[in-house]
A.B. asks: 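If you scroll down you'll find the structure; I have some questions about it.
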Amino acid sequence: MKIILASNNKGKLREMRELLGELGIEVLSQREAGFDIEVEETGTTFEENSYLKASAITALSGLPAVADDSGLMVDHLGGEPGVYSARYTGNHEDSDIDRYMYLLKKMEGVTDRRAKFVSAVCCTFPNGDVIRTRGECHGNILYSPVGEHGFGYDPIFGPDCSEGSMAQLTDEEKNAISHRGKAVREFIEKLREYYADK
(Lines give C-alpha, C1' and ligand atoms only; values in the text may rest on other atoms or scores of the structure.)
Protein backbone atom coordinates (compact mmCIF):
# COMPACT_ATOMS: atom_id res chain seq x y z
CA MET A 1 0.00 0.00 0.00
CA LYS A 2 1.16 3.53 -0.77
CA ILE A 3 0.65 6.65 1.30
CA ILE A 4 1.91 10.06 0.27
CA LEU A 5 3.57 12.14 2.95
CA ALA A 6 2.28 15.67 2.42
CA SER A 7 5.75 17.11 2.88
CA ASN A 8 9.18 17.23 1.28
CA ASN A 9 10.95 17.54 4.63
CA LYS A 10 13.70 14.89 4.51
CA GLY A 11 13.80 14.48 8.29
CA LYS A 12 10.06 13.85 8.51
CA LEU A 13 10.18 11.51 5.50
CA ARG A 14 12.96 9.42 7.07
CA GLU A 15 11.11 9.16 10.39
CA MET A 16 7.76 8.30 8.74
CA ARG A 17 9.38 5.60 6.60
CA GLU A 18 11.01 4.04 9.65
CA LEU A 19 7.80 4.13 11.68
CA LEU A 20 5.35 3.02 8.96
CA GLY A 21 7.70 0.48 7.38
CA GLU A 22 6.61 -2.14 9.91
CA LEU A 23 3.14 -2.15 8.32
CA GLY A 24 4.57 -2.71 4.88
CA ILE A 25 3.45 0.76 3.80
CA GLU A 26 5.45 2.52 1.13
CA VAL A 27 5.73 6.21 2.04
CA LEU A 28 6.35 8.63 -0.84
CA SER A 29 7.17 12.29 -0.44
CA GLN A 30 4.79 14.52 -2.34
CA ARG A 31 7.63 15.39 -4.74
CA GLU A 32 8.27 11.68 -5.42
CA ALA A 33 4.53 11.36 -6.14
CA GLY A 34 4.79 14.20 -8.66
CA PHE A 35 3.31 17.04 -6.61
CA ASP A 36 5.72 19.89 -6.06
CA ILE A 37 3.38 22.21 -4.21
CA GLU A 38 3.48 24.14 -0.96
CA VAL A 39 0.14 23.98 0.83
CA GLU A 40 -0.56 27.23 2.66
CA GLU A 41 -0.76 26.56 6.39
CA THR A 42 -3.56 28.92 7.34
CA GLY A 43 -4.74 26.95 10.39
CA THR A 44 -4.37 28.22 13.93
CA THR A 45 -3.67 24.73 15.36
CA PHE A 46 -1.37 21.88 14.44
CA GLU A 47 -4.46 19.74 13.79
CA GLU A 48 -5.93 22.22 11.30
CA ASN A 49 -2.67 22.54 9.39
CA SER A 50 -2.05 18.77 9.17
CA TYR A 51 -5.58 18.32 7.76
CA LEU A 52 -5.07 21.12 5.20
CA LYS A 53 -1.86 19.50 3.95
CA ALA A 54 -3.12 15.91 3.83
CA SER A 55 -6.48 16.71 2.23
CA ALA A 56 -4.85 18.84 -0.49
CA ILE A 57 -2.57 15.98 -1.54
CA THR A 58 -5.39 13.39 -1.42
CA ALA A 59 -7.52 15.66 -3.61
CA LEU A 60 -4.70 15.97 -6.17
CA SER A 61 -3.55 12.34 -6.13
CA GLY A 62 -6.62 10.26 -5.36
CA LEU A 63 -4.46 8.39 -2.82
CA PRO A 64 -4.31 8.36 0.98
CA ALA A 65 -2.07 11.13 2.29
CA VAL A 66 -0.60 11.65 5.72
CA ALA A 67 0.62 14.94 7.12
CA ASP A 68 2.33 15.89 10.32
CA ASP A 69 2.20 19.43 11.56
CA SER A 70 4.50 19.86 14.48
CA GLY A 71 6.36 22.45 16.41
CA LEU A 72 7.77 23.68 19.66
CA MET A 73 5.71 25.41 22.34
CA VAL A 74 7.60 27.36 25.02
CA ASP A 75 5.71 28.15 28.23
CA HIS A 76 7.46 31.47 28.94
CA LEU A 77 6.68 32.69 25.40
CA GLY A 78 2.97 31.90 25.68
CA GLY A 79 3.25 28.84 23.44
CA GLU A 80 5.52 30.39 20.79
CA PRO A 81 6.70 29.51 18.25
CA GLY A 82 3.82 26.98 17.98
CA VAL A 83 2.33 26.67 14.48
CA TYR A 84 4.91 29.22 13.30
CA SER A 85 7.88 27.02 14.29
CA ALA A 86 9.09 26.62 10.69
CA ARG A 87 8.87 30.35 10.00
CA TYR A 88 9.52 31.79 13.45
CA THR A 89 12.02 34.40 12.29
CA GLY A 90 9.51 35.69 9.74
CA ASN A 91 11.44 34.21 6.84
CA HIS A 92 10.58 30.66 5.70
CA GLU A 93 13.98 30.46 3.95
CA ASP A 94 15.95 30.86 7.20
CA SER A 95 17.83 27.82 8.45
CA ASP A 96 17.10 25.69 11.51
CA ILE A 97 20.10 27.39 13.16
CA ASP A 98 18.66 30.85 12.44
CA ARG A 99 15.36 29.84 14.07
CA TYR A 100 16.72 28.24 17.22
CA MET A 101 19.27 30.99 17.78
CA TYR A 102 16.43 33.54 17.46
CA LEU A 103 14.48 31.61 20.10
CA LEU A 104 17.51 31.38 22.41
CA LYS A 105 17.93 35.17 22.13
CA LYS A 106 14.30 35.62 23.28
CA MET A 107 15.00 33.29 26.22
CA GLU A 108 18.09 35.14 27.50
CA GLY A 109 17.89 35.55 31.28
CA VAL A 110 14.74 33.41 31.54
CA THR A 111 14.74 30.71 34.22
CA ASP A 112 11.35 29.12 33.37
CA ARG A 113 12.46 27.07 30.37
CA ARG A 114 9.61 24.52 30.23
CA ALA A 115 8.58 23.56 26.70
CA LYS A 116 7.04 20.79 24.68
CA PHE A 117 7.19 19.47 21.17
CA VAL A 118 3.77 18.74 19.66
CA SER A 119 2.91 16.63 16.62
CA ALA A 120 -0.54 16.37 15.03
CA VAL A 121 -0.80 13.58 12.44
CA CYS A 122 -3.68 13.48 10.00
CA CYS A 123 -4.37 10.90 7.30
CA THR A 124 -7.02 11.57 4.67
CA PHE A 125 -8.53 9.01 2.32
CA PRO A 126 -10.17 9.44 -1.10
CA ASN A 127 -13.54 8.38 0.35
CA GLY A 128 -13.48 11.23 2.87
CA ASP A 129 -12.39 9.20 5.91
CA VAL A 130 -9.91 10.87 8.26
CA ILE A 131 -7.60 9.52 10.97
CA ARG A 132 -6.11 12.00 13.48
CA THR A 133 -3.62 11.57 16.32
CA ARG A 134 -1.51 13.83 18.55
CA GLY A 135 1.72 13.30 20.45
CA GLU A 136 3.66 15.48 22.90
CA CYS A 137 7.19 15.39 24.29
CA HIS A 138 7.85 17.55 27.36
CA GLY A 139 11.18 19.06 28.34
CA ASN A 140 13.20 22.26 28.65
CA ILE A 141 14.90 24.79 26.42
CA LEU A 142 18.66 24.43 26.87
CA TYR A 143 20.97 27.44 27.19
CA SER A 144 22.96 26.56 24.08
CA PRO A 145 22.67 24.07 21.20
CA VAL A 146 24.10 20.57 21.70
CA GLY A 147 24.27 17.58 19.34
CA GLU A 148 24.47 16.87 15.64
CA HIS A 149 21.46 14.62 14.98
CA GLY A 150 17.84 15.41 14.26
CA PHE A 151 16.58 18.64 12.74
CA GLY A 152 14.63 21.77 13.62
CA TYR A 153 14.84 22.77 17.28
CA ASP A 154 16.30 19.42 18.41
CA PRO A 155 19.71 20.87 19.48
CA ILE A 156 18.14 23.24 22.02
CA PHE A 157 15.44 20.94 23.44
CA GLY A 158 16.21 18.70 26.40
CA PRO A 159 13.49 16.04 26.81
CA ASP A 160 12.50 15.18 30.39
CA CYS A 161 13.49 11.53 29.96
CA SER A 162 17.01 12.21 28.63
CA GLU A 163 20.21 13.76 29.97
CA GLY A 164 21.08 15.84 26.90
CA SER A 165 19.36 17.32 23.88
CA MET A 166 17.06 15.69 21.35
CA ALA A 167 19.88 16.16 18.82
CA GLN A 168 22.14 13.82 20.82
CA LEU A 169 19.79 10.86 20.44
CA THR A 170 20.00 8.21 17.75
CA ASP A 171 17.04 7.97 15.37
CA GLU A 172 15.82 4.91 17.28
CA GLU A 173 16.09 6.64 20.67
CA LYS A 174 14.36 9.76 19.34
CA ASN A 175 11.47 7.82 17.76
CA ALA A 176 10.90 6.04 21.10
CA ILE A 177 10.22 9.29 23.01
CA SER A 178 9.43 11.99 20.47
CA HIS A 179 6.15 13.76 19.87
CA ARG A 180 6.09 12.46 16.28
CA GLY A 181 6.98 8.92 17.37
CA LYS A 182 4.06 8.92 19.82
CA ALA A 183 1.61 10.38 17.28
CA VAL A 184 2.69 7.98 14.53
CA ARG A 185 2.53 4.90 16.80
CA GLU A 186 -1.05 5.81 17.70
CA PHE A 187 -1.72 6.44 14.00
CA ILE A 188 -0.37 2.97 13.15
CA GLU A 189 -2.79 1.39 15.62
CA LYS A 190 -5.72 3.38 14.23
CA LEU A 191 -4.66 2.51 10.67
CA ARG A 192 -4.56 -1.20 11.56
CA GLU A 193 -8.09 -0.93 12.99
CA TYR A 194 -9.25 1.04 9.95
CA TYR A 195 -8.10 -1.62 7.47
CA ALA A 196 -9.31 -4.46 9.71
CA ASP A 197 -12.83 -3.02 9.44
CA LYS A 198 -12.73 -2.87 5.63
A.B. asks: Do Val121 and Val118 sit in the same hydrophobic cluster, where Ile, Leu, Val, Met, Phe, Trp and Tyr count as joined when their side-chain heavy atoms come under 4.5 Å apart?
C.D. replies: no
A.B. asks: For a quick check under 3.5 Å, do Ser119 and Arg134 share a side-chain donor-acceptor pair by atom type?
C.D. replies: no
A.B. asks: Taking all non-hydrogen atoms of both residues into account, name the closest pair between Gly135 and Ala183 and its distance.
C.D. replies: N-CB, 3.6 Å
A.B. asks: Who passes salt bridge (charged side-chain N to carboxylate O under 4.0 Å, His left out) against Glu41, sequence neighbours left out?
C.D. replies: Lys53, Arg87
A.B. asks: Using atom types as modelled and distance alone, determine if a side-chain donor or acceptor of Ser50 lies under 3.5 Å from a backbone N or O of Asp69.
C.D. replies: no
A.B. asks: With side chain to side chain contact (heavy atoms under 4.5 Å, CB included) as the criterion, how do Ile25 and Met1 come out once you've worked through the C-alpha distance, each side chain's angles and the decisive distance to 0.1 Å?
C.D. replies: CA-CA 5 Å; Ile25 294 171; Met1 185 180 103; 3.9 Å; yes
A.B. asks: Side-chain heavy atoms under 4.5 angstrom apart, residues restricted to Ile, Leu, Val, Met, Phe, Trp, Tyr: same cluster for Phe117 and Ile141?
C.D. replies: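 Yes; Ile141 is reachable from Phe117 via cluster members.
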A.B. asks: Looking at Thr58 and Thr124, would you say the former's side chain and the latter's main chain have a donor-acceptor pair under 3.5 Å?
C.D. replies: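 Yes: the side chain of Thr58 pairs with the backbone of Thr124.
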A.B. asks: Are Val110 and Met73 connected in the hydrophobic side-chain network, where two residues link if heavy atoms are under 4.5 Å apart?
C.D. replies: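 Not linked; separate clusters.
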A.B. asks: Which atoms form the tightest heavy-atom contact between Lys2 and Pro64, and what is the distance?
C.D. replies: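 Residues Lys2 and Pro64, closest heavy atoms: O-CD, 3.9 Å.
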A.B. asks: Over all heavy atoms of both residues, which pair between Ala54 and Cys122 is shortest? Give the atoms and the distance, please.
C.D. replies: CB-O, 3.7 Å
A.B. asks: Nearest 0.5 angstrom please: Leu13 CG to Glu18 CD, how far?
C.D. replies: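 Those atoms lie 10.0 Å apart.
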A.B. asks: Do Leu169 and Asn175 touch side chain to side chain, with heavy atoms closer than 4.5 Å?
C.D. replies: no
A.B. asks: Should Asp68 and Val184 count as side-chain neighbours, where that means a heavy-atom distance under 4.5 Å?
C.D. replies: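 Asp68 vs Val184: side chains apart.
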A.B. asks: Check the pair Leu72 / Leu103 against side chain to side chain contact (heavy atoms under 4.5 Å, CB included), numbers first and verdict last.
C.D. replies: CA-CA 10 Å; Leu72 181 66; Leu103 189 144; 3.9 Å; yes
A.B. asks: Does Lys116 reach the main-chain N or O of Cys137 with its side chain, forming a donor-acceptor pair under 3.5 Å?
C.D. replies: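 Here the side-chain-to-backbone pair does not exist.
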A.B. asks: Please round to the nearest 0.5 Å and tell me the distance separating atom CZ of Arg99 and atom OG of Ser85.
C.D. replies: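 Here the rounded value is 9.0 Å.
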A.B. asks: What pairs meet the ring pair (Phe, Tyr, Trp, His ring centres under 6.0 Å) rule with one or both residues in residues 71-97, with sequence neighbours excluded?
C.D. replies: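 Those involving residues 71-97 are Tyr88-Tyr102.
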A.B. asks: Does the side chain of Asn91 come under 3.5 Å of the side chain of Thr89 through a donor N or O and an acceptor N or O?
C.D. replies: no
A.B. asks: Transitively linked via ILVMFWY side-chain contacts under 4.5 Å: Ile4 with Val39?
C.D. replies: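 Same cluster.
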A.B. asks: Ignoring hydrogens, what is the shortest heavy-atom contact between Phe187 and Cys123? Give both atom names and the distance.
C.D. replies: CE1-CB, 3.3 Å
A.B. asks: So, are Glu186 and Lys190 salt-bridged, with charged N and O less than 4.0 Å apart?
C.D. replies: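 Salt bridge: yes.
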A.B. asks: Are any non-hydrogen side-chain atoms of Ile188 and Leu20 less than 4.5 angstrom apart?
C.D. replies: yes
A.B. asks: Mind listing the closest non-hydrogen atom pair of Ala6 and Ala67 along with its distance?
C.D. replies: CB-CB, 3.9 Å
A.B. asks: Would you check if Leu28 and Ile3 make a side-chain contact, meaning some heavy-atom pair closer than 4.5 Å?
C.D. replies: no
A.B. asks: Between Gln30 and Asp36, is any side-chain donor less than 3.5 angstrom from a side-chain acceptor?
C.D. replies: no
A.B. asks: Mind checking whether Phe35 and Ser61 have side chains closer than 4.5 Å, heavy atoms only?
C.D. replies: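 Yes. Closest side-chain heavy atoms under 4.5 Å.
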A.B. asks: Inspect the contact between Lys174 and Asp154 and indicate whether a charged nitrogen and a carboxylate oxygen are less than 4.0 angstrom apart.
C.D. replies: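 Looking at Lys174 together with Asp154, the answer is yes, because their closest N to O distance falls below 4.0 Å.
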A.B. asks: Mind checking what makes side chain to side chain donor-acceptor pair (under 3.5 Å) contact with Tyr51, not counting sequence neighbours?
C.D. replies: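 None.
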A.B. asks: Report yes if the side chains of Glu163 and Gln168 come closer than 4.5 Å at any heavy-atom pair, otherwise no.
C.D. replies: no
A.B. asks: Enter the distance from Met101:CE to Ser144:OG here, rounded to the nearest 0.5 Å.
C.D. replies: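 One gets 8.5 Å once the value is rounded to the nearest 0.5 Å.
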A.B. asks: Grab the two heavy atoms, one from Tyr100 and one from Gly152, that are nearest each other, plus how far apart they are.
C.D. replies: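 Closest approach of Tyr100 to Gly152: CD2-O, 3.5 Å.
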A.B. asks: Quick check, are the ring centers of Phe125 and Tyr194 under 6.0 angstrom apart?
C.D. replies: yes
A.B. asks: In Å, rounded to the nearest 0.5 Å, how long is the span from CZ of Arg14 to CG of Leu5?
C.D. replies: 12.5 Å
A.B. asks: Hey, is the main chain of Leu142 close enough, under 3.5 Å, to the side chain of Asn140 for a donor-acceptor pair?
C.D. replies: no
A.B. asks: Decide if atom CD of Glu32 counts as having more than 12 heavy atoms of other residues, nucleotides or ligands within a radius under 6.0 Å.
C.D. replies: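 More than 12 within 6.0 Å, yes.
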A.B. asks: Using 0.5 Å steps for rounding, measure from the OG atom of Ser165 to the OH atom of Tyr153.
C.D. replies: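 One gets 15.0 Å once the value is rounded to the nearest 0.5 Å.
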A.B. asks: Set out, in order, the CA-CA distance, both residues' side-chain angles and the distance that settles side chain to side chain contact (heavy atoms under 4.5 Å, CB included) for Val83 and Thr44, then state yes or no.
C.D. replies: CA-CA 7 Å; Val83 294; Thr44 58; 5.9 Å; no
A.B. asks: Do the side chains of Ile156 and Val146 get nearer than 4.5 Å, heavy atoms only?
C.D. replies: no
A.B. asks: Hydrophobic clusters here meaning ILVMFWY residues chained together by side-chain heavy-atom distances under 4.5 Å, can you tell me if Leu104 and Leu77 are in one?
C.D. replies: yes
A.B. asks: When you check the gap from the basic side-chain N to the acidic O, do Glu26 and Arg17 get nearer than 4.0 Å?
C.D. replies: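 Judged by the 4.0 Å cut-off on N to carboxylate O distance, Glu26 and Arg17 do not form a salt bridge.
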A.B. asks: For Asp160, is there an ion pair with Arg114 - N to carboxylate O distance below 4.0 angstrom?
C.D. replies: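 Result for this pair is yes, salt bridge flagged.
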A.B. asks: Rounded to the nearest 0.5 Å, what's the gap from CG on Asp75 to CD on Glu80? Could you check?
C.D. replies: 12.5 Å
A.B. asks: Heavy-atom distance under 4.5 Å between the side chains of Ser70 and Arg180, does that happen here?
C.D. replies: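 Result yes, sub-4.5 Å side-chain heavy-atom pair found.
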A.B. asks: Using the six-membered ring of Tyr143, assess whether NZ or CZ of Arg113 lies under 6.0 Å from its centre and within 45 degrees of the ring axis.
C.D. replies: yes
